[in-house]
Amino acid sequence: MFLRFKDEVASVLSSALAKAGFEIDDLALHESPHADIASSVAFRLAPEYKRNPKEICEAIYKNIRITPDSYIERAEMVGPYINFFVSRTLLNETVLRVLLEREDFGVLEKKGAVILEHTSANPDGPLHIGHIRNSVIGDTLARILKRAGYDVRTQYYINDMGRQIAVVVWGLMNFEFDKTKKPDHAIAEIYINANKTLVDEKEHSPEVDALMKKYENGDPETVQRFKDAIDTAMHGIEESLRRMNISHDEFIWESRFVRTGDVSRVMERIKKLNCAMIKDGALMVDLKDMDIQKPLVVQRSDGTSLYTTRDLAYHEWKAAMCDRMIDILGADHKLISSQLKAVLRLLGLPEPEIVIFEFVSLPEGSMSTRRGVFISADELLDEVERAAYSEVNKKRPDTDEEFKKKVAAFVSIGAVRYDIIRVSPDKATTFDWREALDFEKQGAPFIQYAHARACSIIKNAQDGGIAFESYDPNLLVEEQETALIKKLASFDSTIDSASRGLKPHIVAIYARELADVFNQFYKYVPVLSAEPEFRAARLALVDCSRIVLANALDTLGIAAPESM
RNA sequence: GGGCUCGUGGCUUAGCCCGGAUAUAGCGCUGGGCUUCUAACCCAGAUGUCGAGGGUUCGAAUCCCUCCGGGCCCGCCA
């Protein structure tokens, strides 16, 4: 709805500009507290046409023509600014469209296949609070892109050829696996012990190297050992992801690209590149021309491949199946991902779009699975759920046990996801228990609560046999009502900008603002006790709010409860 | 040392790409509001040299330069 409004403003302004005899590409449109959309284009024109901005503004303003059915109500001139306001038509059509399209409201018409890779944590232990920043950003982005219209598939790239997995396998051969623990946690225990032993007793190091070699060569017994170890860890990892409402469409093992020969083919092609060079028997690519000072090694002197080489083959394979590749990566991958892109470009292959998120650290420093210094996603979720339970217990003492547990579960998952997604990926954060367990702040529960309130009104109406199939949207004229409808109308432009910029936090902010305006409406505008014709119109608006709140929450992967 | 990135009230944070009209919101703080649809709510108030300095511009949180502080990276690791 807002997308069309913006388009109309742009075209109305462009033709006014043309009629007034001005020429400029940038319409200088921006959001403003003074209007639904404002333009400061007169300022831009002033120096070129050597007239004062106000004069220019008047000339443009005089030429503005708005058609009767437009989404623009009127334009107004304030000093050198032109302010545009949304029309009743837009407001009414918003209500109509939401009720018609329901869960599809806000679905855009972008086309194309997207493969989005996220999480891809090494299967050497459980997901920790750093990993899930990746998972939540990735999953939310996948949901945003789906709503934008793309055909999205998510992939988890399993690094099964790295040394850390060989260490896990070696550990499983030398230490006892604790079957009573969640499998990914039991694997972490093995991994931590094995690392400690390998540091203390250096003589075992060649045993790990031998495992890696045998795995790369495809020795059946070793392959089985690796597979068992990884499946065990992945079983636990997937369970944690599922708990957070996250699932992957595919799991891609990096070893497959070695086995299919894709990796050797990529290395052969790199050898033919002008910037390829052999140094001390290793194949490397000089990337100075791409503004990267560090050359990239793609083949060891013993002829084996490296992580990046396999990643190159992975991307070549992916590119053939989609129009866009998107990778969600931690800040430690900044250099390596720009090297990856540079080599792909040199090879004439499509490059992925990379979303980098900054690190999550603990107050005492950075996390490390290897050293056992981390807070697991499971631990975080458990603690938050416990806090959420005591909150429901306090707020709804009248309800039964099953209800409280159910509410604690969706509130905690929502709170965790929202806390992660609300901040821009390029802010480094320090984890804070007090912050994580705080339910007073405006977060997911606030939005879920607004949704539950809307559901409650609808339910009360239904229980009372009050129908609202026919209603007149023109009766929705209170300040809180129009503010609410405008917010509903901007859901499409929110999805549009979030998907364009791959910025999931925009949707998080939108959901919070929508809940905010709904709560104000709820407070000041009576629904069920209003006169029948107003009651019907307001019930329709409540239903719209419920639908869009649910859509926004769904886009964030957060449950939209009917009651809490 | 070099590269990338972040720095916005006591704390957390939006806006920065694409410069505009009183800088966004939350927590916390002060005060107020439940005989009305769920108070996990709402209203009012105090709190800011937008890290510092310079420059560009009619206009800078936003663009450019320098500096300071935090994070990440700079392996024939992944």
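Heavy-atom basis, side chains included; hydrogens, waters and symmetry copies ignored. Residue numbers begin at 1 in each chain, while the letters A, B, ... track the order of the sequences.
Residues from residues 501-513 of chain A lying near RNA chain B, meaning a heavy-atom separation below 4.0 Å, are A/His505, A/Ile509, A/Arg512 in numerical order.
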Which side-chain N or O atoms in residues 326-335 of chain A pair as donor and acceptor under 3.5 Å with protein atoms at least two apart or in another chain?
unit_1	atom_1	unit_2	atom_2	d
A/Asp327	OD1	A/Lys318	NZ	3.2
A/Asp327	OD2	A/His315	NE2	2.6
A/Lys334	NZ	A/Glu358	OE2	2.9

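Residue contacts for A/Ser529: at a heavy-atom cut-off of 4.0 Å it reaches no nucleic acid atom on any strand shown. Using a 4.0 Å heavy-atom distance criterion, A/Gln448 is classed as making no nucleic acid contact. Counting any heavy atom pair closer than 4.0 Å across all strands shown, A/Lys394 reaches no nucleic acid atom. Counting non-hydrogen atoms under 4.0 angstrom, A/Val297 reaches the backbone sugars and phosphates but no base. Among the atoms of the strands shown, only primed sugar atoms or phosphate atoms (P, OP1, OP2) are found under 4.0 Å from some heavy atom of A/Ala331. Residue A/Lys334 is in base contact, counting any heavy-atom pair closer than 4.0 Å across all strands shown.
Checked by atom type, the side-chain pair A/Trp170/A/Glu207 shows a donor-acceptor distance below 3.5 Å.
Closest approach to the A/Ile457 side chain among B/rA78, B/rC4, B/rC37 is made by B/rC37 (side chain taken as heavy atoms from C-beta onward). Candidate nucleotides B/rA21, B/rC76, B/rC72 were compared by shortest atom distance to the side chain of A/Asp332, and B/rC72 ranks first. For A/Asn460, whose side chain is taken as the heavy atoms from C-beta onward, the closest listed nucleotide among B/rC76, B/rC37, B/rG75 is B/rC37. Considering only side-chain atoms of A/Phe446, the nucleotide from B/rC41, B/rA78, B/rU5 that sits closest is B/rC41. Of all nucleotides listed (B/rC42, B/rU22, B/rC27), B/rC42 comes nearest to the side chain of A/Asp516. You'll find that the side chain of A/Arg44 is closest to B/rG20, out of B/rA78, B/rG20, B/rG26.
The residue among A/Lys395 and A/Pro526 whose nearest nucleotide of RNA chain B lies closer to the 5′ end is A/Pro526. Projected onto RNA chain B by closest heavy-atom contact, A/Tyr524 and A/Arg434 fall at different nucleotides, the more 5' of which corresponds to A/Arg434.
Using cut-offs of 30° and 60° for the angle between ring planes, the A/Phe22 and A/Tyr49 rings count as perpendicular.
In this structure B/rG1 sits in a base pair with B/rC74, meeting the Watson-Crick or G-U test at under 3.5 Å. B/rA23: no Watson-Crick or G-U partner with both key distances under 3.5 Å is found in any strand.
Stacking here means ring centres nearer than 5.5 Å and ring planes tilted less than 30 degrees, and by that measure A/Tyr81 stacks onto B/rA21.
Ion pair A/Asp209/A/Arg163 flagged as a salt bridge, since at least one NZ, NE, NH1 or NH2 atom sits closer than 4.0 Å to an Asp/Glu carboxylate oxygen.
Put simply, A/Arg453 has a side-chain N or O that comes within less than 4.0 Å of OP1 or OP2 on B/rA39.
No donor-acceptor distance shorter than 3.5 angstrom exists from the side chain of A/Ser205 to the backbone of A/Lys202, with no hydrogens or angles considered.
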